[in-house]
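Below is one structure; the comments refer to it alone.
When a residue number appears, it is its place in the shown sequence, counting from 1.
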Amino acid sequence: GFDMYCDLLKQAVAQLKQQPPQEYKVARLDIDTDAYIPADYIHLESARIDVHHRIAAARDETALMAIRAELADRFGPVPQMVDNLVEMQDIRLKAGILGAAGVAWRRGRLELSDIQVGAAQRSALEAAGHKFVYYAQRRILAFWPPDPEGGLPVVKGALNAIIDSLLTSAADSQAHA
């Protein structure tokens with residue numbers, strides 16, 4: 001909802017300025033966790049909305065960590081649910097780097113939807129020892145991380161492992177070209 005509104009607003013501003021809009025693919029998430037800014041942490045509703053907007057607008061991990069540091073400085077220790085909100089945006093961005101439209105955590109496995117994984121990329125994942133299945137017709141990558149208990153750290157770690165494997169495969173392909 002709010003993310004879509006922000007994206008539409010950015011597109012409208014870019015059109016008015018006659019500039020091409022910046023394209024960032026941000027995946028939708030289906031991960032069962034508490035991720036919000038509680039009223040007892042940031043009392044003013046307008047300030048909470050501003051922080052939500054800034055987190056949604058962040059486009060890299062550095063920007064997210066700067067927001068987190070600012071929150072800790074202005075409002076005190078960051079509650080777990082706010083950390084979760086920041087981590088979820090980072091996960092959305094990492095999934096977007098992979099080209100995935102969605103990320104879901106279900107029964108101990110990570111699913112990336114609407115993702116294209118070629119033969120070289122599947123080989124790189126296999127070579128790295130990852131347990132996965134790619135459903136080419138449905139464009140879904142199912143990935144089983146070593147820790148089946150889940151949670152945001154496991155999802156983020158799994159995405160980092162996938163990115164590392166795929167980047168290694170891309171670098172190797174360019175070196176051999």
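- The shortest distance between side-chain heavy atoms of Pro145 and Val155 does not fall below 4.5 Å.
- Counting heavy atoms from C-beta on, the side chains of Gln121 and Gln116 never come closer than 4.5 Å.
- Between the side chain of Arg139 and the backbone N or O of Ser113 there is no donor-acceptor pair closer than 3.5 Å.
- Side-chain atoms of Leu98 and Leu141, non-hydrogen and from C-beta on, never get closer than 4.5 Å to each other.
- In this structure, CG on Leu125 lies 11.0 Å from CG on Asp164, to the nearest 0.5 angstrom.
- Under a 3.5 Å cut-off, the side chain of Arg109 and the backbone N or O of Ala142 do not form any donor-acceptor pair.
- Minimum heavy-atom separation, Leu71 to Tyr41: O-OH, 3.1 Å.
- Rounding to the nearest 0.5 Å gives a distance of 8.0 Å between CG of Asp73 and CD of Glu70.
- When side chains are defined from C-beta on, His52 counts as touching Leu85, because their heavy atoms get closer than 4.5 Å.
- In this structure, Ile162 and Leu112 have side chains that are in contact, with non-hydrogen atoms separated by less than 4.5 Å.
- Panel note: side chain Asp34, backbone Met81; no donor-acceptor pair is recorded below 3.5 Å.
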### Task
Could you give me the CA-CA distance, side-chain angles and deciding distance for Trp105 and Leu152, then say whether side chain to side chain contact (heavy atoms under 4.5 Å, CB included) is met?
CA-CA 9 Å; Trp105 178 259; Leu152 293 178; over 6 Å; no
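- What you find for Leu93 and Ala58 is that their closest heavy atoms are CD1-O, 3.5 Å.
- Hydrophobic clustering of Ile, Leu, Val, Met, Phe, Trp and Tyr side chains at less than 4.5 Å, counting indirect connections, keeps Val133 apart from Val117.
- Each of Ile140 and Leu159 belongs to its own hydrophobic cluster when Ile, Leu, Val, Met, Phe, Trp and Tyr are linked at side-chain heavy-atom distances under 4.5 angstrom.
- Under the 4.5 Å side-chain contact rule for hydrophobic residues, Ile91 and Trp144 do not share a cluster.
- Of all the heavy atoms in Arg122 and Phe132, the pair that sits closest is O-CZ, 3.5 Å.
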### Task
Decide side chain to side chain contact (heavy atoms under 4.5 Å, CB included) for Val154 and Leu110; before the verdict, give the C-alpha distance in whole Å, the side-chain angles of both, and the deciding distance to 0.1 Å.
CA-CA 9 Å; Val154 171; Leu110 178 67; over 6 Å; no
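- Put simply, the side chain of Glu87 never gets that close to the backbone of Lys156: no donor and acceptor are under 3.5 Å apart.
- Residues Val103 and Arg92 fail the side-chain proximity criterion, which asks for heavy atoms closer than 4.5 Å.
- In this structure, CE in Met88 is found 13.0 Å from CG in Asp83, a value given to the nearest 0.5 Å.
- The existence of a salt bridge linking Glu111 and Arg138 is excluded, since no basic side-chain nitrogen approaches an acidic carboxylate oxygen closer than 4.0 Å.
- Considering every non-hydrogen atom in both Gln89 and Ala56, the closest pair reads NE2-O, 3.2 Å.
- At a threshold of 4.5 Å between non-hydrogen side-chain atoms, the residues Arg106 and Asp30 count as touching.
- Minimum heavy-atom separation, Ala95 to Ala27: CB-CB, 3.6 Å.
- Counting only heavy atoms from C-beta outward, the side chains of Met65 and Val86 approach each other to under 4.5 Å.
- The backbone N or O of Ile115 lies less than 3.5 Å from a partner atom in the side chain of Tyr134, making a donor-acceptor pair.
- Atom-to-atom distance recorded for Leu64:CG and Asp90:CG is 5.5 Å, nearest 0.5 angstrom.
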